[in-house]
Amino acid sequence: MASIEDSEALFHRLALSESGFVFDPVSGQSFTVNETGIELLRLFQQVSDIQEIMKILLETYAAQPNELERDINDFVSSLSELMN
Amino acid sequence: MKNNKLTVAITGMNAKPDNPGPGLAVSRCLTESADFTGRIIGLSYDALDPGLYLKEYCETGYLLPYPSSGDDTFLKRLTAIHEKEHIDIFIPCLDAELPSIIRLNPVLNEMGIKTFLPTAEQFRLRNKDKLVELSEMAGINCPRIEPITNSKFFYECQNDNWSYPLVVKGLFYDAIVAHNPAQATEAFNDIAAEWGFPVLVQEFVKGEEYNLAALGDGKGNMIGAVMMKKMALTDKGKAWAGVTVLDNKLFQASSNLIRAIKWRGPLEVEVLKDATGNYNLLEINPRFPAWIYLSQGVKRNLPAALIKLALNEEPEEYVKLEPGIMFIRYAEEVIVPISQFENLIVNGIND
């Protein structure tokens, strides 16, 4: 499973739009995500440490840490697979 | 420097929507280049090629004899056109005509017609049956490929570790995915009838197609690379839509290839990225691709650069390749008075 650290370069290269449209200039893949998805991708571009990301998100969202970590890992894996 | 007085002859003015020739796109690039104010004449093998009638991209259109009619016949016709048009630069755009034109290149030079083409040896090295060697030079994988001359192969190949689906390809054009021996035999017969022998069989790899178009300067340098991912394909597997990308692996692999064989002229490198992210070399086309107008779309006008190279001038520095620029191909009709069609059929010219 791809981790945030493994995928750091991938996140940094993504072009993110307010509309939720995401374009990867290397693979040419494009897709859309919802508001939370864009927020997460912006966060991934700024912070690479998973614990730091969890801390920031737990301040905003009422979620269980285990559940949040699982959701983040699922999101990262899906993105990594999509963009090869 | 503006090349005001140049006459450029371009082939490949065919534009069937599912598999257009590159000629019209090359002409469109030149027409829109700030450096080019010359005139373009179109050369074709079929009076129904629409480029011959599109005056904005082709001032005069001529019919050529098919390359299979022999070098002498081809040269005689080209000489007659040259006497009338005084061709300065000739840009052939079709694979099948290139062997003949490369052979005739010294004669064309003597006639005052400049080209910017690979040598016969460079052309041979990028043949589809040489791809494995080339992929090693590029440092990427190549799907297994084998030239065959008998369709019995398809009923026996599983003994030699081939599996279905596989791809049946012509030496110059066409690629058909076959899922069983019967489909493969039909594809073999169709391709052999149209393009002759050998027919090539290639291992099928599933993935996404990425292409690079560039110029080799003949000294080992790659000029003006434009890379794109195919976003939609025609039934013939040609790009219907694409988007520019910045793919360093594809750039390096293509750069390695050009350096290794000191490629001279335009080329297109086709690779397929499989599910594990590995690159597989599919083809190297010794000409501009039909999607070359995208190079003008990202301000890296490769046909305009070819004109400079053919004139022994330095192409200008390119801007950085911008990813995220798309093209979407569309079909439209050109209205043609029957008299123009008649003139091409009877006299081989539309002026």
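Just the heavy atoms: all of them, side chains too, but no hydrogens, waters or symmetry mates, feed the values below. Chain identifiers are assigned alphabetically (A, B, ...) following the order of the sequence lines, protein sequences preceding nucleic acid strands; residue numbering begins at 1 within each chain. Note that the structure is predicted; figures quoted are calculated from it, not measured.
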Worked check of side-chain contact (heavy atoms from CB on, under 4.5 Å) between Ser27(A) and Lys273(B): CA-CA 9 Å; Ser27(A) 71; Lys273(B) 189 151 77 168; 4.2 Å; yes

Using a 6.0 Å cut-off, check whether atom CG of Leu233(B) has over 12 heavy atoms from anything other than its own residue. yes

Report, as yes or no, whether the 6.0 Å neighbourhood of atom CG on Asp235(B) holds more than 12 heavy atoms from other residues, nucleotides or ligands. no

Compare every heavy atom of Phe23(A) with every heavy atom of Thr244(B), then report the nearest pair and how far apart it is. O-CZ, 3.8 Å

Which atoms form the tightest heavy-atom contact between Val26(A) and Val245(B), and what is the distance? O-CB, 3.5 Å

Quick check on Gln45(A): does its CD atom have over 12 non-hydrogen neighbours (other residues, nucleotides or ligands) under 6.0 Å away? yes

